Number of protein chains: 2
Amino acid sequence: MNIQLEVGSMEHMSDKKRAIFKSTMELVRENGFHGTPMSMVAKHAGVAAGTIYHYFESKEHLLRELFNYAQQQAVAVVERESSATIPFKECFFKLWTGLYTFYRDNQDMLRFFEQFVNSPYHTTMPPLAEDKFYTLLFAFFERGIREGELKEVSPKILATLTHSSIISMAKMTASGRLHFDRKELQQIQQLLWDGIALGR
Amino acid sequence: MNIQLEVGSMEHMSDKKRAIFKSTMELVRENGFHGTPMSMVAKHAGVAAGTIYHYFESKEHLLRELFNYAQQQAVAVVERESSATIPFKECFFKLWTGLYTFYRDNQDMLRFFEQFVNSPYHTTMPPLAEDKFYTLLFAFFERGIREGELKEVSPKILATLTHSSIISMAKMTASGRLHFDRKELQQIQQLLWDGIALGR
DNA sequence: TACCTCCAATTGAATGTTCATTCGGTTTAC
DNA sequence: GTAAACCGAATGAACATTCAATTGGAGGTA
């Protein structure tokens, strides 16, 4: 009953805990949120069922923590790509590409993310203000408006539109329904930019 | 063991069947895909558990059929709003508004939809070609390109971008995180249009 | 109208399975 | 030596599904 405390940064996370996270993501991707019993997670992660309960209070807690973990990685991408020292337009393209690549290359995470966000676990939603990911995104688009690069539209709208375009493209790619080459990806970004940018 | 056959159009659907669909959507919205036992659906719909199995082979079949049912309604909206007799640009705005309104006013359905689409039920995905909803959308954007109104970008990309913007806005509204007034909705549509339209 | 027949529609208690969680005991690390 | 990490069989609850029994109503018959 002595649950391992969540540490802020993930570097010093126990190997077992990391394995449990990884397995959960993979299995949830394949079998869904349901269809993924704890016993299966345990076997796949190479630990005993009881061990999971050493680290996580319950299945629900495991899923919640995994979501936080995943979200932190997405936040890290935004922080990495949205440096204030380069021109906004360039930064917008960098951010779009960075997030798209991140989701495309972490399809387990993307799938888990989408399932979680649309599930009732996430329904008792944290107020937007506390959502670091969106807070960062808002700030980024606020900068664009402030610098006169973007239309005067609510940054929330700009952030949501941009992010949904990234997610939907990554999902398309992930599902194998469509594949985009470099040229098409640039087209998509350009198209979005044309929509949100202030005409010169 | 004599499962009631699915009828093509939904007008002559048994009342019970409709009630089961409705209850399932509401309950899945509140409790999720899991967390919604058949017994709960039965009670909420005012039928006995056994009755559900008169209409549906299994829980999975119930969910699949509900998804088809929901999708048909979305298809109906697209068909209604995308008449070829009015100018493309106007039609684009009509379609955006129509779908947005539909999702906003059918939040149970929207939530169910999103959960289903991201679940493994839907993973054995129908090839895109058989997806009537997207087929219609593609055709719509193909028309826009043919008529010289849109940039020469794959209609699949245009369709996906547009639809994801609609969904994400409807979800925002549904979750109560953001509310859009008429002016903002027009801004959003205009912004998208600016992105995809061929500059005069 | 009254009565019968037959089958689909409906019921809900019973069944068997699956699964989250527990806990007494063992191993590991320091 | 001891406390944390770990194990995995055992427990009990929740759940999808079944099925034997009941109802309802559409036709037929006299």
Side-chain angles (χ1 to χ4, degrees), chain A residues 1-7 10-67 112 115-116 119-121, chain B residues 1-7 10 12-28 30-67 112 115-116 119-121:
Chain A
M1 201 46 46
N2 213 352
I3 306 296
Q4 174 85 357
L5 281 188
E6 167 106 354
V7 284
M10 291 292 162
E11 301 98 55
H12 17 78
M13 186 174 29
S14 125
D15 283 348
K16 300 257 155 138
K17 194 166 174 178
R18 201 190 310 279
I20 293 168
F21 273 162
K22 189 152 179 293
S23 295
T24 305
M25 271 196 305
E26 289 179 25
L27 292 170
V28 165
R29 180 198 179 179
E30 279 166 34
N31 313 313
F33 227 43
H34 29 297
T36 304
M38 293 298 253
S39 55
M40 194 187 281
V41 173
K43 186 190 283 187
H44 191 276
V47 303
T51 302
I52 300 183
Y53 288 86
H54 179 70
Y55 291 102
F56 305 98
E57 206 171 311
S58 67
K59 186 175 186 180
E60 176 167 341
H61 277 78
L62 163 58
L63 295 171
R64 282 189 193 285
E65 286 194 30
L66 176 50
F67 177 72
F112 173 79
Q115 288 206 43
F116 190 89
S119 81
Y121 290 115
Chain B
M1 202 45 46
N2 212 349
I3 306 296
Q4 176 84 358
L5 282 187
E6 168 110 352
V7 282
M10 290 291 162
H12 17 77
M13 186 175 27
S14 123
D15 283 350
K16 300 258 154 130
K17 194 164 173 180
R18 200 189 312 278
I20 292 167
F21 273 162
K22 190 154 178 289
S23 294
T24 305
M25 270 194 307
E26 290 180 24
L27 292 170
V28 165
E30 279 167 34
N31 313 313
F33 229 43
H34 28 296
T36 304
M38 293 299 252
S39 56
M40 194 187 281
V41 173
K43 188 190 282 189
H44 190 276
V47 303
T51 302
I52 300 182
Y53 288 86
H54 179 70
Y55 291 102
F56 305 97
E57 209 170 310
S58 67
K59 187 176 186 180
E60 176 167 342
H61 276 78
L62 163 58
L63 295 171
R64 281 191 193 284
E65 286 195 30
L66 177 50
F67 177 72
F112 173 80
Q115 288 207 42
F116 189 90
S119 81
Y121 289 116

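Here is how names work: the chains are called A, B, and so on, in the same order as the sequence lines, proteins then strands, and each is numbered from 1. What you see is a predicted model; the values in this text were computed from it and never measured.
- Between Asn31(A) atom CG and dC19(C) atom C1' there is a gap of 14 Å when expressed in whole angstrom units.
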Give the C-alpha distance, both sets of side-chain angles, the deciding distance and a yes or no for side-chain contact (heavy atoms from CB on, under 4.5 Å) between Tyr53(B) and Met38(B).
-> CA-CA 10 Å; Tyr53(B) 288 86; Met38(B) 293 299 252; 3.4 Å; yes
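- Residue-to-nucleotide proximity on DNA chain C shows that, of Glu60(A) and Ile52(B), the 5′-proximal contact is made by Ile52(B).
- Atom OH in Tyr53(B) sits about 18 Å away from atom C1' in dA20(D), given to the nearest Å.
- Here Tyr55(B) does not reach the OP1 or OP2 of dA9(C): none of its side-chain N or O atoms lies under 4.0 Å away.
- Taking a 6.0 Å sphere around NZ of Lys22(A), one finds it holds 12 or fewer heavy atoms contributed by other residues, nucleotides or ligands.
- Regarding contacts with the backbone of dT10(C), every side-chain N or O of His54(B) stays at 4.0 angstrom or more from both OP1 and OP2.
- Distances were taken from every side-chain heavy atom of Ala49(A) (C-beta onward) to each of dA9(D), dC7(D), dC19(C); the shortest belongs to dA9(D).
- Nearer to the 5' terminus of DNA chain C, by closest-nucleotide assignment, is the contact made by Gly35(A) (compared with the other of Gly35(A) and Thr51(A)).
- Between Tyr121(A) and Phe33(A), the ring planes are perpendicular. Angles over 60° get that label, and only those under 30° would be called parallel.
- You'll find that the side chain of Lys16(B) is closest to dT10(C), out of dT10(C), dA16(D), dA20(C).
- At whole-Å resolution of the value, CG in Leu62(A) and C1' in dT21(C) are 13 Å apart.
- If you measure from atom NZ of Lys59(A) to atom P of dT21(C), you get 8 Å, rounded to the nearest angstrom.
- His34(A) places its NE2 atom 12 Å from the P atom of dA20(C), with the value rounded to the nearest Å.
- Nucleotide dT21(C) holds its P atom 6 Å from the CE atom of Met38(A), rounded to whole Å.
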